[in-house]
S.K.: 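Shown below is the structure under consideration.
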Amino acid sequence: MSTRDAADETGDTHPNADQQLVAVDENDDSEGIVGRLDAHTGDGVRHRAFTAMLFDEMGNLLLAQRSPEKRLWDAGWDGTVASHPREGEEQLDATRKRLEEELGVTPDQYDDLRATDRFEYKRYYYDEGLEWEVCTVLKATLTDTTIDPDDSEVGGVLWVPYERLHEHPRWYRQLDLCPWFEIAMRRDF
């Protein structure tokens, strides 16, 4: 399906349809660019992504609920932020940018942002699309937990004791966790 064919019931093209993502092989080596909508529809195209987990100084993790306006995993609970770096953009820079755009978290609130893992996964979301990503996991500790969520990106926020969430994910089933975050969390420790 091409981006010009990806219209909703009103005939409008999805607002993110024209964004370009980095298509990658299984080793996260670039294979060019792909339209965001093309990467997330049909059989999809494997592309570069990241998920970031921000902690407070007591080991609590900031979860962010995806806006109900999101096309995929709308209203699902995610790690702190997840997105896609653009062509030529480093993962750390892309993460810093999205933390500020989505949650109002600036680099002076943390100083230890680092990549800790990378994995590939592919998951379908009903009949609406899919994610097929090589996903880098990043972590940082907030020394200042002040946030200012963008309502168009974030439906809600929740601080959870990370060790408890990791050890007892069944206790949090009602949160409907996003698949990339669940994978990142299972691989942690």
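Computed from heavy atoms alone, side chains included, the values below leave out hydrogens, waters and symmetry copies. Please read these numbers as outputs of a predicted model, since none were measured by experiment.
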S.K.: State whether the side chain of T80 and the backbone N or O of L63 hold a donor-acceptor pair below 3.5 Å, judged by distance alone.
M.R.: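 No, because the side chain of T80 does not come within donor-acceptor range (under 3.5 Å) of the backbone of L63.
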S.K.: Under 3.5 Å, is there a donor on one side chain and an acceptor on the other for W180 and D78?
M.R.: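 Indeed, the side chains of W180 and D78 share at least one donor-acceptor pair under 3.5 Å.
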S.K.: Check for a donor-acceptor pair, side chain of T51 on one end and backbone N or O of A82 on the other, with a separation under 3.5 Å.
M.R.: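 No: the side chain of T51 does not pair with the backbone of A82.
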S.K.: Between W73 and Y125, how do the two ring planes meet: parallel, tilted or perpendicular, split at 30° and 60°?
M.R.: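 Judged by the thresholds at 30° and 60°, the geometry between W73 and Y125 is tilted.
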S.K.: Mind checking whether L99 and L54 have side chains closer than 4.5 Å, heavy atoms only?
M.R.: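 Touching, per the 4.5 Å side-chain cut-off.
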S.K.: Is the shortest side-chain heavy-atom distance between Y121 and V134 below 4.5 Å?
M.R.: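 Side chain of Y121 against side chain of V134, heavy atoms only: no contact under 4.5 Å found.
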S.K.: Taking V157 as the starting point, is it possible to reach V81 by hopping between hydrophobic residues whose side chains are less than 4.5 Å apart?
M.R.: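 Yes, V81 and V157 fall within the same hydrophobic cluster.
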S.K.: Y124 and G42: which non-hydrogen atoms are nearest, and at how many Å?
M.R.: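 Reported closest heavy-atom pair: CE2-O, 3.8 Å.
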S.K.: Please determine if R98 and E153 form a salt bridge, counting it only when a charged side-chain N lies under 4.0 Å from a carboxylate O.
M.R.: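 Salt bridge: yes.
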S.K.: Run the ring pair (Phe, Tyr, Trp, His ring centres under 6.0 Å) test against W171 and tell me which residues pass, sequence neighbours left out.
M.R.: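 If we apply the ring pair (Phe, Tyr, Trp, His ring centres under 6.0 Å) test to W171, skipping adjacent residues, the hits are H168.
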S.K.: Does some side-chain heavy atom of L113 sit less than 4.5 Å from a side-chain heavy atom of T95?
M.R.: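 Side-chain contact under 4.5 Å: yes.
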S.K.: Taking M185 as the starting point, is it possible to reach V137 by hopping between hydrophobic residues whose side chains are less than 4.5 Å apart?
M.R.: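 The answer is yes; both residues are in one hydrophobic cluster.
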S.K.: Would you check if there is a donor-acceptor pair between the side chains of E133 and H84 at a distance under 3.5 Å?
M.R.: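 Yes.
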S.K.: If you measure from CG on L165 to CG on L177, what distance do you get to the nearest 0.5 Å?
M.R.: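 Going from CG on L165 over to CG on L177, the span is 6.5 Å.
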S.K.: Quick check: is L142 connected to M53 through a chain of hydrophobic side chains (ILVMFWY, heavy atoms under 4.5 Å apart)?
M.R.: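 No, separate clusters.
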S.K.: If you compare all heavy atoms of L175 against all heavy atoms of W77, which two are closest, and at what distance to 0.1 Å?
M.R.: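 So the minimum-distance heavy-atom pair works out to O-CD1, 2.5 Å.
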S.K.: Ignoring hydrogens and angles, tell me if any N or O in the side chain of Q65 forms a donor-acceptor pair with the backbone of A75 under 3.5 Å.
M.R.: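 Checking the backbone N and O of A75 against the side chain of Q65, a donor-acceptor pair under 3.5 Å is found.
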S.K.: Is it the case that over 12 heavy atoms from other parts of the model lie below 6.0 angstrom from the CD atom of E26?
M.R.: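 Yes, CD of E26 has more than 12 neighbouring heavy atoms, counting only those of other groups under 6.0 Å.
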S.K.: Could you check whether R71 pairs with E128 (Lys NZ or Arg NE/NH1/NH2 to Asp/Glu carboxylate O, under 4.0 Å)?
M.R.: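 Result for this pair is no, no salt bridge flagged.
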S.K.: What distance do E182 atom CD and R123 atom CZ have between them, rounded to the nearest 0.5 Å?
M.R.: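 The distance works out to 9.0 Å.
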S.K.: side-chain contact (heavy atoms from CB on, under 4.5 Å), that's the test. Do T141 and E57 meet it? Break it down for me.
M.R.: CA-CA 6 Å; T141 302; E57 293 175 302; 4.0 Å; yes
S.K.: Search all heavy atoms of A23 against all heavy atoms of V45 and return the closest pair with its distance.
M.R.: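 Closest heavy-atom pair between A23 and V45: CB-CG1, 3.9 Å.
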S.K.: Does a donor on one side chain sit under 3.5 Å from an acceptor on the other, for D144 and Y110?
M.R.: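 Checked: D144/Y110 side chains show no N/O donor-acceptor pair below 3.5 Å.
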S.K.: Restricting to non-hydrogen atoms, name the atom on R46 and the atom on D25 that form the minimum distance, rounded to 0.1 Å.
M.R.: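 Closest pair (atom of R46, atom of D25, distance): NE-C, 3.4 Å.
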S.K.: Is there a continuous path of hydrophobic side-chain contacts, each under 4.5 Å between heavy atoms, that joins W132 to V24?
M.R.: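 No, it is not one cluster - the side chains of W132 and V24 are not joined through contacts under 4.5 Å.
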S.K.: Below 4.0 angstrom, N of the basic side chain to O of the carboxylate: do D112 and K139 qualify?
M.R.: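 Salt bridge absent between D112 and K139.
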S.K.: Nearest 0.5 Å please: distance from the CD atom of E102 over to the CD atom of E100.
M.R.: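 Going from CD on E102 over to CD on E100, the span is 12.0 Å.
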S.K.: Kindly compute the distance separating CZ (R186) from CZ (F181), expressed to the nearest 0.5 Å.
M.R.: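 Here the interatomic distance stands at 11.0 Å.
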S.K.: For the pair E131 and K122, find out whether any cationic side-chain nitrogen is under 4.0 Å from an anionic carboxylate oxygen.
M.R.: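 Looking at K122 together with E131, the answer is no, because their closest N to O distance does not fall below 4.0 Å.
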S.K.: Can W159 be reached from L61 by stepping across I, L, V, M, F, W or Y side chains whose heavy atoms are under 4.5 Å apart?
M.R.: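 Looking at the clustering, W159 is in a separate group from L61.
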S.K.: Quick check: closest heavy atoms across D188 and H166, and the distance to 0.1 Å?
M.R.: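 Residues D188 and H166, closest heavy atoms: O-NE2, 3.2 Å.
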S.K.: So do D148 and L103 actually touch side chain to side chain, heavy atoms under 4.5 Å?
M.R.: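 Not in contact.
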S.K.: Do the non-hydrogen side-chain atoms of L21 and H40 ever get within less than 4.5 Å of each other?
M.R.: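 A side-chain contact exists here, since the closest heavy-atom pair is under 4.5 Å.
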S.K.: Could you check Q109 against T146 for side-chain contact (heavy atoms from CB on, under 4.5 Å), going step by step and ending with a plain yes or no?
M.R.: CA-CA 8 Å; Q109 293 177 255; T146 305; 4.2 Å; yes
S.K.: Can a salt bridge be assigned to the pair D28 and R48 using a cut-off of 4.0 Å between side-chain N and carboxylate O?
M.R.: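 Salt bridge: yes.
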